[in-house]
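As the structure lists them, so they are numbered: ligands from 1, and atoms in each ligand from 1.
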Amino acid sequence: MEMNGASDSEASFSYSFDDFLHGHKAQLEAASVPIQLWPALFEKLINLKFDAGNHFQIVKYEEGKGVFAIDDIDHLNEESVFLIDHAWTFSPSQARKFLENVPGLVERMAALFGSDNTPCGSEVSEESDEDEVIFENEKKERISECADVKEIDGSFPRQDSVDANLCRGANDDLQIDRLLKEIWRYAHTYTMRKKEIVDEEGMPVWYVMDEFGSLIGHSETPNCRVVPFFFTPHECAYSLLFLTKSLEKEAELCRDYVDTTVLKKNPSWRHILMYPWFGGEFDEPLERLKPTKDFFLSGRKMDDLPNEEEKTQCRKVARKTGGKLKVYSDSAQMLNNLDKVEVELVEDWHEADVIWMSKHFHDYRKLCTENPKALINQFPYESCLTVKDLLAANLQAENGDHEHPWFQTCFNLTTELPLFCNYFKEREMKGLENTWIVKPWNLARGLDMHVSNDLAQIIRLIEAGPKVACKYIANPVLFKRPDNQHMVKFDLRFIVFVESLRPVKAYVYKKFWTRFAINQFTLTRLDDPETHFTVFNYADKNKILQMQCEEFVKQIENTHKQLKWVEVEKKIYESIRGLLEAASKDDPPCGVAENPQSRAMYGVDVMLQWNNREKTDLGVSILECNFMPDCERACLYYEDFADTVFETLFLGNINSEKVITI
Ligand SMILES: Nc1ncnc2c1ncn2[C@@H]1O[C@H](COP(=O)(O)OP(=O)(O)OP(=O)(O)O)[C@@H](O)[C@H]1O
């Protein structure tokens, strides 16, 4: 028997198998779905034919539930591909909100997670309960429950997903906490990439499969694979189940829970990747070393540098200190905001006094030999400073640890997962605070970031893309928000102008920017973005507190009487200088390179924390350093900003009222 979500007439609309291949072939190949299954898959997708119930049943046994074959099933059979629906699609930062508000979601997830999936091979109970053959009925119910069936392009019916509607309802917080922990044994991920956004990586989507998919057991020698599949006409993802071995009647269906690219790249990590399901200890002593040159070079285009002689010649060239600057640029934002500094745009970079680029520049040698008088707003290999994983690697000591007081301990989970797990477990054993912030290094604006003290969750998060884990600042200095009276975390952005790196010659713009969290700081709800982040990607502007730095200083000194801002500022400036020195200490490609023609402006994000219980010892922590070719917000707040940038960086006009030498 099968479930058809579409009537015959709907199914016969003009979407052909060729259309299907055109839109999905790359996905099918990437997921290694055998080619002989594609026609049946196409047919099942357009008819929404969830027919797994004809071949499998859920069976309860002593340790839990599993999925078993009703008949012999040949894996070479062209029909042996089955659709699995997704019970819940979610983003981890919004999951709690949905559990609190969507009726029935807590109950469904609790029922789903309540079963204990044990590895294949467990004894099957003699009496396989009739009631447990649930897919078919359940699917019928699901479809009939779904009152809102939409027509897309007048042809395909599509059901609203469970996360589409929000409504109020009360649920037990403890149960939700438990579900949010358990979910990392059931959740899976795929990433949507939008073709039109070339530079930005896609945002990962997490989902829980329906009861059938979620109850498939684990084996290291699996007999099936389950892969996510985005079906464009439905604008919706399903999972596909296909067999890798034939099944005999009553055999248990088992997939490999860690059949992921992470495992493919690191086969020796299997026991670590299995931790979310089976736990374990990671106590092998591992030596942490600084990443090698190869690490810094992988996936990066090398910058071409002038040799020492060329640099020496270049240093002798006289440069402009006034008058009209000839500027070659790919970005007008900053130039449009210049008032006092006169500029003339040139089409040929050979003529330029200043090269102002938002795109990465690589040809420093050519610039040095063909236009030595020009200055440019970038340093070679500055990604060692501005990209999170490279910065963390750059700042590591030879023994691999981070020893700078202004930098939080940080692990690259793509290369150092075993080390991180050891470190995590060691802290756990010692009873030390163990909250981490897990950040992708290729997305900005706080996207795909997670605060967590749960090792299982952290391990699973790397399936959604490369990440670093940095020790979370658990004792931040808090700010009393005047609008809601909450004591919230905040971070500060300082703009630094770099004139040279060896030795460091740099200036900080005296005005800085403030960013505040919304909710009262607490370590109890680590999934709440409004408590733990100061950047928000939504439009509720009312919740965002804007405050000029002068007002911020007044208020923070008022709240924390032991703080004197002049002293805090001094520590911040010392830390920023420390950052620039440390980041350019190693030769390229492992550190930022000195270059006589380079000048740069970076945005340095800083948090303040208490180093002791008494709150007398203040620490400065640098979160990250951003390359800033444009500065819309700065130009909007401070009319003199663009002029100050150009005067400081390119005219050698250091105005001590606006910038401070660090
Ligand atoms: N180690 C940390 N401890 C506590 N909070 C942190 C830590 N690192 C980052 N955060 C917080 O996480 C958020 C994003 O941080 P970060 O600046 O590193 O990322 P981003 O995505 O590059 O954002 P942006 O580019 O907008 O600054 C901020 O709200 C920041 O306060």
Side-chain angles (χ1 to χ4, degrees), residues 92-93 199-201 203-204 383 385-392 395 402 404-413 420 427 433-453 458 461 464-479 481 487-496 512-519 521-523 525-538 543-545 552 572 575-576 579 601-611 619-634:
S93 60
D199 289 341
E200 198 145 294
E201 292 289 316
M203 259 302 273
S383 44
L385 180 64
T386 56
V387 177
K388 291 181 177 81
D389 65 329
L390 293 173
L391 176 65
L395 297 180
H402 292 113
H404 305 290
W406 39 261
F407 195 68
Q408 296 296 105
T409 298
C410 187
F411 287 85
N412 182 338
L413 299 179
F420 170 72
R427 287 185 71 91
E433 206 290 322
N434 222 1
T435 308
W436 294 78
I437 180 162
V438 182
K439 316 178 186 184
W441 44 259
N442 50 358
L443 295 168
R445 304 188 310 279
L447 295 172
D448 194 24
M449 281 203 187
H450 310 266
V451 179
S452 177
N453 56 14
I458 297 173
L461 285 172
K467 304 233 167 20
V468 293
C470 301
K471 183 66 195 65
Y472 190 64
I473 296 170
N475 288 316
V477 174
L478 299 177
F479 178 83
R481 269 182 78 132
M487 291 295 281
V488 298
K489 75 181 263 187
F490 61 88
D491 58 36
L492 310 172
R493 173 165 288 184
F494 286 83
I495 307 290
V496 55
F512 58 89
W513 280 261
T514 52
R515 302 191 303 190
F516 304 92
I518 296 165
N519 294 339
F521 185 77
T522 159
L523 287 174
R525 282 195 173 189
L526 298 178
D527 54 281
D528 180 19
E530 296 191 355
T531 304
H532 297 286
F533 298 134
T534 57
V535 250
F536 304 101
N537 297 296
Y538 55 74
K543 286 187 175 179
I544 293 173
L545 174 65
F552 168 82
I572 294 172
S575 305
I576 296 177
L579 168 76
M601 169 171 81
Y602 301 110
V604 181
D605 293 340
V606 163
M607 267 184 78
L608 304 176
Q609 61 181 320
W610 297 115
N611 289 332
V620 169
S621 204
I622 293 180
L623 307 181
E624 65 162 353
C625 180
N626 297 278
F627 168 57
M628 301 208 13
D630 292 332
C631 236
E632 218 171 308
R633 204 168 148 213

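Between the choices Met607, Lys439, Arg515, Gln408, the shortest heavy-atom distance to atom 18 (O) of ligand 1 belongs to Lys439.
Interface atoms of ligand 1 facing Met449, defined by a heavy-atom separation under 4.0 Å, are 14 (C), 15 (O), 16 (P), 19 (O), 20 (P), 21 (O). Shown in contact with Lys471 at under 4.0 Å from a heavy atom are these atoms of ligand 1, numbered in order with element: 1 (N). Ligand-side atoms of ligand 1 in range of Leu623: 2 (C), 7 (C), 8 (N), 9 (C), 10 (N), 30 (C), 31 (O), range being under 4.0 angstrom from any heavy atom. For ligand 1 and Tyr472, the ligand atoms under 4.0 Å from any heavy atom of the residue are 3 (N), 4 (C), 5 (N). Residue Arg493 has at least one heavy-atom neighbour below 4.0 Å for each of these atoms of ligand 1: 27 (O). Residue Asp491 has at least one heavy-atom neighbour below 4.0 Å for each of these atoms of ligand 1: 28 (C), 29 (O), 30 (C), 31 (O). Of all atoms in ligand 1, listed by their number and element, those nearer than 4.0 Å to a heavy atom of Asn626 are 25 (O). Below 4.0 Å from some heavy atom of Phe533 lie the following atoms of ligand 1, by number and element: 12 (O), 13 (C), 29 (O).
Looking at heavy atoms from C-beta onward, Phe627 lies out of side-chain contact with Leu385 at the 4.5 angstrom threshold. Looking only at side-chain heavy atoms (C-beta outward), Arg481 and Ile518 come within less than 4.5 Å of each other.
Using a 30° and 60° split on the angle between ring planes, Phe552 and Phe516 fall in the tilted class, from 30° to 60°.
Of the N or O atoms in His532, none lie within a sub-3.5 Å distance of an N or O in ligand 1. Annotation: Ile437 places no N or O atom under 3.5 Å from an N or O atom of ligand 1; distance criterion only.
Residue contacts with ligand 1 for Asp605 involve side-chain atoms from C-beta outward but no N, CA, C or O (heavy atoms, distance under 4.0 Å).
Of the possible donor and acceptor atoms, one in the side chain of His402 sits under 3.5 Å from a partner among the backbone N and O of Cys410. Using modelled atom types, no side-chain atom of Lys489 and backbone atom of Thr534 make a donor-acceptor pair closer than 3.5 Å. A donor-acceptor contact shorter than 3.5 Å links the side chain of Glu433 to the backbone of Thr435.
Only one option out of Asp389, Asp448, Leu461 pairs with Pro440 in a side-chain contact (heavy atoms from CB on, under 4.5 Å); it is Asp448. Considering Thr409, Val468, Leu413 in turn, Leu413 is the only one that fulfils the side-chain contact (heavy atoms from CB on, under 4.5 Å) rule with Phe420.
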